[in-house]
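Read the structure below first, then the notes.
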Amino acid sequence: MPAPKIVVVGAGPAGLTFARLLQQNGLHCTVYDAERNRNARNQGGTLDLHSEAGQRALKEAGLWDEFSKHARPEGECDKLVKFDGTVVWDENVLKDFARPSDGGKPEIDREKLREILLDSLESSVIQWDRRVKRIEADPRQQGKYAIHFVDGTRDTDIDLVVGADGAWSKVRPLITDTAPYYSGTTAVELWALNVSENHQWLSGYVGRGSCFMFDEGRAILAQRNGNDSIRVYACVRQPETWKDDCGIDWTDPRAARQALVSGYFDDCSEDLKRLVVETSNELVVRQMYMMPVGISWETVPGVTLLGDAAHLMTPFAGVGVNVAMADALVLARAIISRKDNFFAKALSNRQNIAGAIKEYEKFMFGFAKENAEKTYEGLQRGHFSKDGVEKRADKFKEHYTKLTGKVLSDDAFDHEARSLSTVVVD
Ligand SMILES: Cc1cc2nc3c(=O)[nH]c(=O)nc-3n(C[C@H](O)[C@H](O)[C@H](O)COP(=O)(O)OP(=O)(O)OC[C@H]3O[C@@H](n4cnc5c(N)ncnc54)[C@H](O)[C@@H]3O)c2cc1C
């Protein structure tokens, strides 16, 4: 029996990790992506990879050493600020603080992660500029699928279609009618480039990793990226139409920043307002969509979904890429464990693949639900509530005390306190 024909739609972290894992184990797949080439689009900000998800997938894919060369463990460093500018937590000054996470959650630029995965694949695997229009059960061959591209071409005779094509998946309709819905939050993404030269204040204020302000219905999230840049997300809880009817002219990024600050962050501290206004480079308005928490479906033989295509979440727990890479790992394992069956005749390819999908989806529904719940908590409360930063700081302080036996004073992180000896009371 020939090896099954496996096609992945989407060259994001999920699709690429899956393709690499198959390749490592002697199985071939083709990855179709809509982008014109690998450099066609800016790939966005920084991602932290968790030990039992993103990190585990890269280890099994034989890419751990490459990842370690580019990872930024110092990017885990958090600073938490109230809307009035009070700093309630700042790891930039706590030199003896280690994170509670097992093995750490080092950051990596999304672009770098993609490069590592792309460079690890044989050139025949990826086909760029292949935007999928729709997929259908192949009318001529039972149990097989046909993909139609927007340019009028098609690919047929496919045993397994893996939809890793993100939020607006074209594969998803084969499996479920459920579609993403607006989460109630819009994020204005603001970039500052060459910060060590052009934005020294911003660079110093944000610190080595992330700087967060959470408040009722609004948040500012600033993150250092690897290429001497900082991205700031100014988030507001507003209706879906806000982007178009709020009266801000997004085509004038400088005036838009000012209008955003005066309309939604005017009572914030001067430092927080400056955080938004000083980011003088690109501005992107992102309406945040999500799939229902705990989504599941009846397994469809020959088709499945990975990552955002399966369970799109808002970024308010920072887990999306980890769940996506864990999906890729578990589906790849399920296929690889049946590799010998593909070449024996005991079961058909269709039966083998159906078994693999069932095994994978059982894991995926549970793991995605767990992480979607965490994310929903961040969306509804953590990131968008009055006491959000204090609650998070309390958790960190508790851990700090457990770790060091020291207690931090209430005003530990005021502007004068800049060394550990001045912030510890016990
Ligand atoms: C602002 C923001 C910040 C985030 N921050 C974090 C974070 O800190 N930590 C974290 O873990 N996650 C974060 N996420 C989420 C994370 O980026 C996603 O969960 C992750 O990228 C999902 O990967 P994926 O491979 O499933 O999909 P994607 O990365 O969306 O990749 C999908 C791919 O499919 C291709 N494609 C789409 N349609 C088609 C088509 N019709 N035909 C062919 N190809 C197609 C696209 O070109 C793309 O390459 C963030 C997301 C956003 C929006």
Side-chain angles (χ1 to χ4, degrees), residues 7-19 30-38 40-50 53-55 57 75-76 105-111 113-114 117-118 126-135 147-151 155 161-173 180 183 185-191 209-210 212 221 223 225 231-235 284-291 305-328 331 364 368 371-372 374-375 378 383:
V7 166
V8 179
V9 183
L16 294 175
T17 303
F18 175 72
T30 303
V31 180
Y32 291 119
D33 198 277
E35 288 174 16
R36 265 206 319 286
N37 57 56
R38 61 187 279 168
R41 184 167 65 101
N42 183 297
Q43 290 299 312
T46 177
L47 300 164
D48 58 340
L49 296 196
H50 305 177
Q55 292 184 33
E76 273 200 87
K105 297 176 183 173
E107 295 277 342
I108 187 161
D109 282 7
R110 200 185 144 102
E111 192 171 0
L113 177 65
R114 193 166 186 251
L117 288 163
L118 284 172
I126 307 224
Q127 294 198 18
W128 297 108
D129 207 5
R130 302 281 272 157
R131 181 176 292 278
V132 169
K133 187 174 170 193
R134 70 187 166 87
I135 296 160
I147 296 186
H148 296 261
F149 297 94
V150 291
D151 62 8
D155 188 7
V161 180
V162 177
D165 48 344
W168 305 106
S169 173
K170 295 289 189 219
V171 183
R172 192 190 295 126
S183 71
T185 304
T186 295
V188 183
E189 181 179 322
L190 308 155
W191 305 2
S210 300
F212 299 125
L221 324 173
Q223 292 191 301
N225 287 215
R231 272 169 213 241
V232 176
Y233 299 92
C235 309
V284 186
V285 186
R286 294 185 187 279
Q287 290 145 306
M288 296 289 172
Y289 291 86
M290 60 184 281
M291 297 283 280
L305 304 174
L306 299 178
D308 282 6
H311 42 63
L312 178 68
M313 300 170 199
T314 62
F316 303 116
V319 292
V321 83
N322 284 284
V323 187
M325 290 172 79
D327 288 354
L331 179 63
M364 182 267 283
N371 283 283
K374 219 184 284 172
T375 302
H383 282 51

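Index from 1, following the sequence. None of these values were measured; they are calculated from a predicted model. In each ligand, atom 1 is the first atom listed, and ligand 1 is the first ligand listed.
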For this session: Say whether Thr46 and ligand 1 are in contact under the criterion: heavy-atom distance to a ligand atom below 4.0 Å.
Result: yes
Ligand 1 atoms nearer than 4.0 angstrom to some heavy atom of Ala164 are 32 (C), 33 (C), 34 (O)
| said: Under 4.0 Å between a side-chain nitrogen and a carboxylate oxygen: does that hold for Glu189 and Arg286? | reply: yes
Any heavy atom of Ala167 under 4.0 Å from ligand 1? The part involved is neither
(request) Using atom types as modelled and distance alone, determine if a side-chain donor or acceptor of Asp33 lies under 3.5 Å from a backbone N or O of Glu35. (result) yes
query = Is it true that Tyr233 lies under 4.0 Å from ligand 1, counting heavy atoms only?
reply = yes
Any N/O of Pro13 closer than 3.5 Å to an N/O of ligand 1? yes
Worksheet item: Do the side-chain N and O atoms of Glu107 and Thr46 include a donor-acceptor pair separated by under 3.5 angstrom?
Response: yes
Answer yes or no: is there a donor N or O on one side and an acceptor on the other, between the side chain of Asn322 and the main chain of His50, under 3.5 Å? yes
The option among Val150, Asp165, Leu117 carrying the non-hydrogen atom nearest to atom 39 (C) of ligand 1 is Asp165
Heavy-atom proximity to atom 53 (C) of ligand 1, picking from Glu189, Arg231, Arg286, points to Arg286
Per-atom filter on ligand 1: closer than 4.0 angstrom to a heavy atom of Arg131 are 41 (N), 42 (N)
- [ ] Return a yes/no value for Val321: is any of its N or O atoms, backbone included, closer than 3.5 angstrom to an N or O of ligand 1?
- [x] yes
Sequence neighbours excluded, the answer for side chain to side chain contact (heavy atoms under 4.5 Å, CB included) partners of Leu47 is Arg110, Leu113, Val321
Per-atom filter on ligand 1: closer than 4.0 angstrom to a heavy atom of Val9 are 42 (N), 43 (C)
(Q) For ligand 1 and Val132, I'd like to know whether there is a polar contact (N/O to N/O, distance under 3.5 Å). (A) yes
Determine, using heavy atoms of Gly45 and all atoms of ligand 1, whether some pair is separated by less than 4.0 Å.
no
Notebook entry, point to check: Quick one: does Arg110 get a heavy atom under 4.0 Å from ligand 1?
Noted result: yes
Any heavy atom of Ala34 under 4.0 Å from ligand 1? The part involved is both
* Asked: Polar-atom distance check: Asp33 versus ligand 1, any N or O pair below 3.5 Å?
  -> yes
message = Using a 3.5 Å distance criterion without hydrogens, assess whether the side chain of Asn225 forms a donor-acceptor pair with backbone atoms of Gln223.
response = yes
Quick note on ligand 1: atoms under 4.0 Å from a heavy atom of Leu47 include exactly 6 (C), 7 (C), 9 (N), 10 (C), 12 (N), 13 (C)
At under 4.0 Å between heavy atoms, what of Val323 touches ligand 1? The answer is neither
What I'd like to find out is whether the side chain of Leu221 reaches to under 4.5 Å of the side chain of Phe316, using heavy atoms alone.
yes
Exercise. So, are Asp151 and Arg130 salt-bridged, with charged N and O less than 4.0 Å apart?
Worked result: yes
Closest non-hydrogen contact found for Leu16 with Ala11 is CD1-O, 3.3 Å
Notebook entry, point to check: Should Asp308 be counted as touching ligand 1, given the test is an N or O pair under 3.5 Å?
Noted result: yes
- Task: Take every heavy atom of Ala187, measure it against each atom of ligand 1, and state whether any distance is under 4.0 Å.
- Result: no
Pairs under 3.5 angstrom only: tabulate donor-acceptor contacts from the side chains of residues 161-173 to other protein residues two or more places apart or in another chain.
{"residue": "Asp165", "atom": "OD1", "partner": "Ser169", "partner atom": "OG", "Å": "2.7"}
{"residue": "Asp165", "atom": "OD2", "partner": "Ser169", "partner atom": "OG", "Å": "3.3"}
{"residue": "Asp165", "atom": "OD2", "partner": "Lys170", "partner atom": "N", "Å": "2.7"}
{"residue": "Ser169", "atom": "OG", "partner": "Val171", "partner atom": "N", "Å": "3.1"}
{"residue": "Ser169", "atom": "OG", "partner": "Arg172", "partner atom": "N", "Å": "3.0"}
{"residue": "Arg172", "atom": "NE", "partner": "Ala309", "partner atom": "O", "Å": "2.8"}
{"residue": "Arg172", "atom": "NH1", "partner": "Ala167", "partner atom": "O", "Å": "3.2"}
{"residue": "Arg172", "atom": "NH2", "partner": "Ala167", "partner atom": "O", "Å": "2.7"}
{"residue": "Arg172", "atom": "NH2", "partner": "Ala309", "partner atom": "O", "Å": "3.1"}

Ligand 1 to Val319, heavy atom cutoff 4.0 Å, flagged ligand atoms 10 (C), 11 (O)
Output for pair (Phe18 CZ, Leu306 CG), nearest 0.5 Å, gives 6.5 Å
Notebook entry, point to check: Should the pair His383 and Phe212 be assigned to parallel (<30°), tilted (30 to 60°) or perpendicular (>60°) ring geometry?
Noted result: tilted
In ligand 1, the atoms that come under 4.0 Å of a heavy atom of Ala11 are 33 (C), 49 (O)
Does ligand 1 come near enough to Gly10 that some N or O of the ligand is less than 3.5 Å from an N or O of the residue? no
Within the 4.0 Å heavy-atom cut-off, what Arg130 brings close to ligand 1 is backbone
Here the pair of heavy atoms bringing Asp48 nearest to Lys105 is CB-O, 3.4 Å
Per-atom filter on ligand 1: closer than 4.0 angstrom to a heavy atom of Gly320 are 10 (C), 11 (O), 12 (N), 19 (O)
*Pair Asp327, His311: side-chain N/O donor-acceptor within cut-off below 3.5 Å*: yes
So the atoms of ligand 1 within less than 4.0 Å of a heavy atom of Gly307 turn out to be 26 (O)
- Query: Side chain of Gln55, backbone of Leu49: donor and acceptor closer than 3.5 Å?
  - Reply: yes
